[in-house]
Asker: 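Below is a structure I'd like to ask you about.
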Amino acid sequence: MHSVSTTALESSIDHFFALGPEAIGNPEALAAFHELRTALELGHLRSASPDPISPTGWAVNAWVKRGILLGFRLGALEEMNGTHALGHSALSFVDKATYPIRRFLPEHGVRIVPGGSSVRSGAHLARGVVMMPPAYVNAGAFIDEGTMIDSHALVGSCAQIGKRVHLSAAAQIGGVLEPVNASPVIIEDDALIGGNTGVYEGTIVRSRAVLAAGVVLTRGTPVYDLPNGTVYKATAESPLIIPSGAVVVAGSRAIQTEPGKGLGLSVYTPIIVKYRDDKTDLSTTLEDLLR
Ligand SMILES: CC(C)(COP(=O)(O)OP(=O)(O)OC[C@H]1O[C@@H](n2cnc3c(N)ncnc32)[C@H](O)[C@@H]1OP(=O)(O)O)[C@@H](O)C(=O)NCCC(=O)NCCS
């Protein structure tokens, strides 16, 4: 975290955020937002950052989230036709003027394979990120070096994705913009997020964890850890946290109370069947040659 005078920017953002609708049309408010947006895109500021002192290992930068919200307030709707962005004038979109789609150049070191993907401004994609179409990255998201975002994947607003993460086809990483002090979804380095998975509501997936295809995690989802004989859940103070190296598969568990029990019903339950081993590494080896 560097190169931005964060204290000055923070007080400016907080000032204009507190003004409410009065900030609309104020050029200084817009300038402060633009400074924040640029810092986010460069990765100099993040909506949440690693913090060894915090119990979760992460600190939420609530003022940065307020700044992102300020941008939505300040932006009027405008037509964004495809002429500049996509080279195709038949396409037409309408969005907040403060959040146009990002443009990339080869020197950014990011690959965005053609075919219907968008990165909204205010998102950071580090060098070596590859995006297969179609995929969407929302404002405030931070995606670190070497991460693969496969087709139909979503990276929601403010989500923090580590280095060399594989977001498989149709992986949905939820956005958490409000409340501003709520932790966004965080996926740490070297995690493998399988196909058709969903990670929502501020869940933290620790480094090297593997979510098998079809796993869905929310604040309300208990996760059974078989090797350690324990169950992980979100609490009022802490999000759901998947431990480092856990291999989580989509399972089910029998309902123990009536009438569900008598009806023989079961509910979906993510289960940690083991912790990552050589076999997992083999199953999750990525296609380096494609990069
Ligand atoms: C989790 C995964 C990586 C397998 O890891 P692994 O370490 O090789 O797992 P193993 O084969 O050793 O299996 C361990 C146990 O979990 C079970 N298991 C493995 N994958 C499972 C799955 N997806 N669903 C349910 N159970 C599963 C196995 O049956 C085994 O149980 P057992 O010990 O009772 O026999 C793999 O199943 C997976 O989901 N890969 C991601 C695929 C994907 O989404 N690709 C995206 C491409 S875009």
Side-chain angles (χ1 to χ4, degrees), residues 34 37-44 46-47 68 71-72 75 77-175 177 184-185 187 189-199 211 213-214 284-291:
H34 282 156
R37 198 179 70 183
T38 303
L40 284 167
E41 290 177 2
L42 291 170
H44 295 166
R46 299 170 65 164
S47 54
I68 293 169
F72 283 100
L77 288 185
E78 71 171 17
E79 188 185 11
M80 298 177 176
N81 68 43
T83 315
H84 304 300
L86 302 164
H88 192 309
S89 57
L91 292 172
S92 164
F93 309 93
V94 175
D95 197 11
K96 296 278 186 173
T98 38
Y99 283 105
I101 61 165
R102 277 199 65 185
R103 298 196 66 201
F104 288 89
L105 298 168
E107 46 269 37
H108 290 123
V110 169
R111 278 176 63 200
I112 302 188
V113 176
S117 296
S118 296
V119 178
R120 215 176 190 185
S121 52
H124 170 72
L125 268 60
R127 296 188 79 78
V129 168
V130 179
M131 225 173 134
M132 300 302 289
Y136 187 71
V137 177
N138 209 340
F142 178 99
I143 302 176
D144 217 335
E145 287 165 22
T147 281
M148 160 69 91
I149 307 166
D150 218 326
S151 298
H152 292 274
L154 162 75
V155 182
S157 50
C158 298
Q160 306 290 304
I161 314 289
K163 294 181 171 58
R164 300 169 301 276
V165 169
H166 188 99
L167 295 182
S168 302
Q172 307 294 297
I173 308 299
L177 199 42
V185 174
I187 313 285
D189 296 350
D190 299 296
L192 179 117
I193 310 300
N196 263 305
T197 48
V199 186
L211 303 188
T284 57
T285 303
L286 298 178
E287 45 307 274
D288 281 339
L289 285 176
L290 296 181
R291 294 179 169 232

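Quick caveat, the model's predicted, so the values are computed rather than measured.
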Asker: Check whether any side-chain N or O of Arg164 sits under 3.5 Å from a backbone N or O of Asp189 as a donor-acceptor pair, and report yes or no.
Answerer: no
Asker: Calculate, to the nearest 0.5 Å, the distance between atoms CG and OG belonging to Asp150 and Ser168 respectively.
Answerer: 6.5 Å
Asker: Looking just at side-chain N and O atoms, do Thr197 and Gln172 make a donor-acceptor pair shorter than 3.5 Å?
Answerer: no
Asker: Find the distance between CZ (Phe142) and OG (Ser47) and round it off to the nearest 0.5 Å.
Answerer: 10.0 Å
Asker: Which atoms form the tightest heavy-atom contact between Pro133 and Gly116, and what is the distance?
Answerer: CB-N, 4.5 Å
Asker: Rounded to the nearest 0.5 Å, what's the gap from NE2 on His166 to CD1 on Ile193? Could you check?
Answerer: 10.0 Å
Asker: Excluding sequence neighbours, so at least two apart, what forms salt bridge (charged side-chain N to carboxylate O under 4.0 Å, His left out) with Asp144?
Answerer: Lys163
Asker: Quick check for you: to the nearest 0.5 Å, what is the distance between Ile112 atom CD1 and Phe104 atom CZ?
Answerer: 4.5 Å
Asker: I want to check something: taking the side chain as every heavy atom from C-beta on, are Ile68 and Cys158 in contact at a cut-off of under 4.5 Å?
Answerer: yes
Asker: What distance separates Arg111 CZ from Arg127 CZ, expressed to the nearest 0.5 Å?
Answerer: 14.0 Å
Asker: How long is the span from the OG atom in Ser121 to the CD atom in Glu41, to the nearest 0.5 Å?
Answerer: 5.5 Å
Asker: With a 4.5 Å limit on heavy-atom distance, are the side chains of Leu167 and Val155 in contact?
Answerer: yes
Asker: Taking side chain to side chain contact (heavy atoms under 4.5 Å, CB included) as the definition, give me every residue that meets it alongside Asp95, ordered by chain and number, with sequence neighbours left out.
Answerer: Met80, Tyr99, Arg120
Asker: Step by step, work out the side-chain contact (heavy atoms from CB on, under 4.5 Å) result for Ile187 and Val199.
Answerer: CA-CA 9 Å; Ile187 313 285; Val199 186; 4.3 Å; yes
Asker: Restricting to non-hydrogen atoms, name the atom on Gly174 and the atom on Ala159 that form the minimum distance, rounded to 0.1 Å.
Answerer: O-CB, 4.2 Å
Asker: Any side-chain to backbone donor/acceptor pair from Arg37 onto Thr98? Under 3.5 Å, distance only.
Answerer: yes
Asker: Any side-chain heavy atom of Thr147 within less than 4.5 Å of one from Leu125?
Answerer: no
Asker: If you define the side chain from C-beta out and look only at heavy atoms, does anything of Met131 sit under 4.5 Å from Met148?
Answerer: no
Asker: On a heavy-atom basis, which atom in Val129 and which in Ala126 lie closest, and how many Å separate them?
Answerer: CG2-O, 3.1 Å
Asker: Within the 4.5 Å heavy-atom criterion, are Leu192 and Leu211 side-chain neighbours or not?
Answerer: no
Asker: What closest approach, in Å, do Gly194 and Ala171 show between heavy atoms, and which atom pair accounts for it?
Answerer: O-CB, 3.9 Å
Asker: Considering all heavy atoms of both residues, which atom of Gly43 and which atom of His124 are nearest to each other, and what is their separation?
Answerer: N-ND1, 3.3 Å
Asker: So which atom in Gly75 and which in Lys96 form the shortest heavy-atom distance, rounded to 0.1 Å?
Answerer: O-CD, 3.0 Å
Asker: Could you check Ile161 against Ile173 for side-chain contact (heavy atoms from CB on, under 4.5 Å), going step by step and ending with a plain yes or no?
Answerer: CA-CA 9 Å; Ile161 314 289; Ile173 308 299; 4.1 Å; yes
